[in-house]
Amino acid sequence: MEKNNQFKVAILWMLMAVGIVMHSVFALDGIFFGAKLQLPDTDGSEPAVFTVAHIVFEILPLLIAMLTVFITAKGFVWFSSLWASLLCLFNTYHLIATCGEEPFSIAQIVLLAFVLTVNIMLTITLWKSLKGKAHTDECCTK
């Protein structure tokens, strides 16, 4: 992958991760207006699925962003392309599902549309880079 594309891809991964983090923060807005956010029949402990979701959708994209700056191996770019494609499917579903939620939040819709747009740009950039110049088989760039 060309250096220019490496940095584009790293920035897109970071924007996507930051957007998802902001999505979680936006969900807390109701606290400032007296909303009770605790779900019925819960004890305040976070279910394991949410911990996994934080790792998969927030931390892993940040890790991939960092590694993208240093790793140019074709296998890594393939992994990134596949992961970005899977996240694109998830982000599409999540945006559509959020449109039907109550209470309706235009800020969440706009943010998730931005995240999906970034995800699409990331996916296209990664797949184009696989079709472009040859990748090095080395782990890191020199």
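Since we're looking at a predicted model, the values are computed, not measured.
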List the residues meeting side-chain contact (heavy atoms from CB on, under 4.5 Å) with Ser45, not counting sequence neighbours, and say none if there are none.
Asp43

Could you give the side-chain donor-acceptor pairs of residues 62-69 under 3.5 Å, partners two or more places apart or in another chain?
| unit_1 | atom_1 | unit_2 | atom_2 | d |
| --- | --- | --- | --- | --- |
| Thr68 | OG1 | Ile64 | O | 2.6 |

Residue list, side-chain contact (heavy atoms from CB on, under 4.5 Å) with Phe50, at least two apart or on another chain
Glu46, Pro47

Using the rule that two of Ile, Leu, Val, Met, Phe, Trp, Tyr join whenever any of their side-chain heavy atoms come within less than 4.5 Å, decide whether Ile20 and Met14 are in one cluster.
no

Could you list the residues that satisfy ring pair (Phe, Tyr, Trp, His ring centres under 6.0 Å) with Phe90, not counting sequence neighbours?
Phe57, His94

Please list, chain by chain and in numerical order, all residues satisfying side-chain contact (heavy atoms from CB on, under 4.5 Å) with Val21, sequence neighbours excluded.
Glu58

Do Phe104 and Val110 sit in the same hydrophobic cluster, where Ile, Leu, Val, Met, Phe, Trp and Tyr count as joined when their side-chain heavy atoms come under 4.5 Å apart?
yes

Any chain of hydrophobic side-chain contacts (each under 4.5 Å) joining Leu82 to Leu89?
no

Excluding Ile96, membership of its hydrophobic cluster (Ile, Leu, Val, Met, Phe, Trp, Tyr; side-chain heavy atoms within less than 4.5 Å) reads none

Contacts satisfying ring pair (Phe, Tyr, Trp, His ring centres under 6.0 Å) that involve residues 25-47 (not counting sequence neighbours) are none

Do Phe76 and Leu87 share a hydrophobic cluster, counting only Ile, Leu, Val, Met, Phe, Trp and Tyr and linking them when any side-chain heavy atoms are less than 4.5 Å apart?
yes

Approximate separation, where rounding is to 0.5 Å, of Thr117 OG1 and Leu95 CG:
8.5 Å

Heavy-atom nearest pair, Val56 first then Pro61, reads O-CD, 3.3 Å

Tell me every residue that passes side chain to side chain donor-acceptor pair (under 3.5 Å) with Asp41, counting only those two or more places apart in sequence or in another chain.
none

In Å, rounded to the nearest 0.5 Å, how long is the span from SG of Cys88 to CE of Met121?
12.0 Å

Going by heavy atoms in the side chains, are Leu15 and Val115 under 4.5 Å from each other?
no

Looking at every heavy atom in both Ser81 and Leu130, which two are closest together, and how far apart are they?
OG-CD1, 3.4 Å

Give the C-alpha distance, both sets of side-chain angles, the deciding distance and a yes or no for side chain to side chain contact (heavy atoms under 4.5 Å, CB included) between Ile71 and Phe79.
CA-CA 12 Å; Ile71 300 175; Phe79 168 78; over 6 Å; no

Side chain to side chain contact (heavy atoms under 4.5 Å, CB included) test vs Ile120 passes for just one of Thr123, Ile124, Leu122, Val118, namely Ile124

Is there a continuous path of hydrophobic side-chain contacts, each under 4.5 Å between heavy atoms, that joins Ile106 to Leu116?
yes

Applying side-chain contact (heavy atoms from CB on, under 4.5 Å), can you list everything that pairs with Ile55, at least two apart in sequence or on another chain?
Thr51, Ile59

Apply side chain to side chain contact (heavy atoms under 4.5 Å, CB included) to residues Thr72 and Val77 and explain how you reach the verdict.
CA-CA 7 Å; Thr72 60; Val77 178; over 6 Å; no

Apart from Tyr93 itself, what residues make up its hydrophobic cluster, given side-chain heavy atom links below 4.5 Å?
none

Tell me, please, which residues at least two apart from Trp127 pass side chain to side chain donor-acceptor pair (under 3.5 Å).
Ser85

Roughly how far, to the nearest 0.5 Å, is CD of Glu2 from NZ of Lys8?
8.5 Å

Please round to the nearest 0.5 Å and tell me the distance separating atom NE2 of His23 and atom CZ of Phe114.
14.5 Å

Heavy atoms of Ser129 and Asn5 approach each other most closely as CB-ND2, 4.3 Å

Would Trp83 and Trp78 count as a side chain to side chain contact (heavy atoms under 4.5 Å, CB included) here? Give the steps.
CA-CA 8 Å; Trp83 193 249; Trp78 267 102; over 6 Å; no

Taking the side chain as every heavy atom from C-beta outward, state whether Ser80 and Val9 have any pair of such atoms under 4.5 Å apart.
no

